[in-house]
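Below is one structure; the comments refer to it alone.
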Amino acid sequence: MNTKVNLCGVELQNPVIPASGTFGFGYEFTQWYDINCLGAISVKGTTEKERFGNIQPRIAEAPSGLLNAVGLQNPGIEAVLAHELPELRKVYSQPIIANISGFSKEEYVKSCALADADENVDLIEVNISCPNVHAGGMSFGTEASSALEITKAVKAVCKKPVIIKLTPNVTDIASIAKACEDGGADGVSLINTLLAMRIDLKTKKPLLGNVTGGLSGPAVFPVAVRMVYQVYNAVKIPIIGMGGVSSAEDVIELMLAGATAVQVGAANLKDPCACRDIIANLPKAMEKYNITDLSKITGGAH
Amino acid sequence: MKKSIFEIIENRSIAKDVCLMRLTGDTSAITAPGQFVNIELEGFYLRRPISVCDWEYGVLTIIYKVVGKGTEKMSAMTAGEKLELLTGLGNGYDMTLSGERPLLVGGGAGVPPMYGLCRRLTAQGKRPTVILGFNTAADVFFAEEFKALGANVIVTTVDGGVGVKGFVTDAMKELEYSYFYSCGPEPMLKALYNASATEGQLSFEERMGCGFGACMGCTCKTKYGNKRICKDGPVLKKEEVVW
């Protein structure tokens, strides 16, 4: 039985990757299990400069999921490369995906170039869901033209595979994915969280300090399946599928929709051992559905 | 930190909207009073973080306030039912700094962790004074239990229904103490911070995602940098608190 997959030229022992923002810089999870069982790790979203993030509260519950408005709290790219990734490397030998965010093209380029030059980084995931400070706060990922612009600029300074992480808060995600492919992206990952909101009935005001937040968890899984399916129709580059994945069956479903690898997000926050258990259950689920080679099922539903 | 299954031994109301639950299970990951557990409840995506009131080998006691649907569901559970807990979360109180006459201040749902702390401090031969602050007489719980530990106990109620009328800070004016430990609503902690004559430790509350340091959902600013309430806290030293 084979669980290995090839993601943009990087071999993963299995397709299961903890998603950025739900796994810190990984090493603290060694208190729960040996993280070397993971396919790869997408580490905490990193910006050029240190960020504190949004005001409290940053978390709200939802039916079958949660909203977060953490706001990209991180110590900045230099600290991540100098301290966090070496700390992770001490306990982990599988691939590391750096996750880069920015508020201008220049910031993306600077951070991606630094990540690309770092020996601990194997792949670069570029989160284009952030607002563009030079364009009235509109997210880079909501327009094909700005997605193309960021992809081209980042690809020009990177030798390592570049995966563009897409926001689902768009009318036509396939056209955005196509723009990334046209810009030279080696892959796309989707979906980021869905824009959402809760109101506290006691105060009658928005519950989150940031007013809105991103919805994740099993509530968004069918949206992820639909979008991965649509993007698979539109592009030839590999897709990392994510959005509410909580079981080995969910991994298989997203792969059938078109994913080459799968990220697990919210499930890590509910259960610190979620990824370990999903990986452990994969062979049993493969057997149940007569799958002998996971790498062969990508896009099988088409 | 550990993930394991606990079984409820008892679950009963001890004051208005306040319940005490005792459970059996593996308590080996709990290392200090002031730590918390994160409880999985069927039908809710996020776990419920509840402070540890007390623990011994194989037995855990929590006291929780019914504030929403999750804790409401917990309050209806009965002996024999099982719950999955993450245990040993958070830093807990540092007891080495107490001095001989520590002051323990708990307000409302902040009272429970003071019990496990008080029991350990008295066992070490310290002579703690405990101030328990509530809104009304109907909210008061555990005053007798603290007295049974041999502590000097002062109860305050905002409406004066029982004990000293006013806030916990009204009861500490004449007191002499070597150090303070506290847990309660933020306005109480702030008042205490300003009124206290010594160094001390304050336990904070924040909405949490994971409860074990992964999501950065509960981060606050301190004089020593950003801290996650769930992992680097919930207990902060007075000297590092930024209001």
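Side chains are part of it too, since the values below use all heavy atoms of this structure and drop only hydrogens, waters and symmetry mates. In what follows, every chain begins at residue 1, and chains take the letters A, B, ... in the order their sequences are listed. The structure displayed is predicted, hence computed values, not measured ones.
- Using a 4.5 Å cut-off between heavy atoms, A/F25 makes no contact with chain B at all.
- B/R207 places no side-chain N or O within 3.5 Å of a backbone atom of A/R58 that could act as its donor or acceptor partner.
- With a 4.5 Å cut-off on non-hydrogen atoms, B/K231 touches chain A through its side chain but not through its backbone.
- Heavy atoms from other residues, nucleotides or ligands lying under 6.0 Å from NZ of B/K223 number more than 12.
- Side chain of A/K270 to backbone of B/L46: no donor-acceptor contact under 3.5 angstrom is found.
- With a 4.5 Å cut-off on side-chain heavy atoms, A/P272 and B/L86 count as touching.
- Within the 3.5 Å criterion, the main-chain N or O of B/T219 finds a donor-acceptor partner in the side chain of A/Q56.
- In this structure, B/M208 and A/I59 have side chains that are not in contact, with every pair of non-hydrogen atoms separated by 4.5 Å or more.
- Scanning all heavy atoms of the two residues, the minimum distance from A/K202 to B/V67 falls at NZ-O, 3.0 Å.
- Using a 4.5 Å cut-off between heavy atoms, A/L207 contacts chain B through its side chain alone, with no backbone atom that close.
- In plain terms, the two heavy atoms of B/Y45 and A/S64 that are nearest each other are CD1-C, 3.9 Å.
- Contact annotation for A/A62: only backbone heavy atoms (N, CA, C, O) come within less than 4.5 Å of a heavy atom of chain B.
- Using a cut-off of 4.0 Å between Lys/Arg side-chain N and Asp/Glu carboxylate O, B/R47 and A/E61 are scored as not salt-bridged.
- Within a 6.0 Å sphere centred on CD of B/E205, heavy atoms belonging to other residues, nucleotides or ligands number 12 at most.
- For chain B, no part of A/N54 is nearby; none of its heavy atoms comes within less than 4.5 Å.
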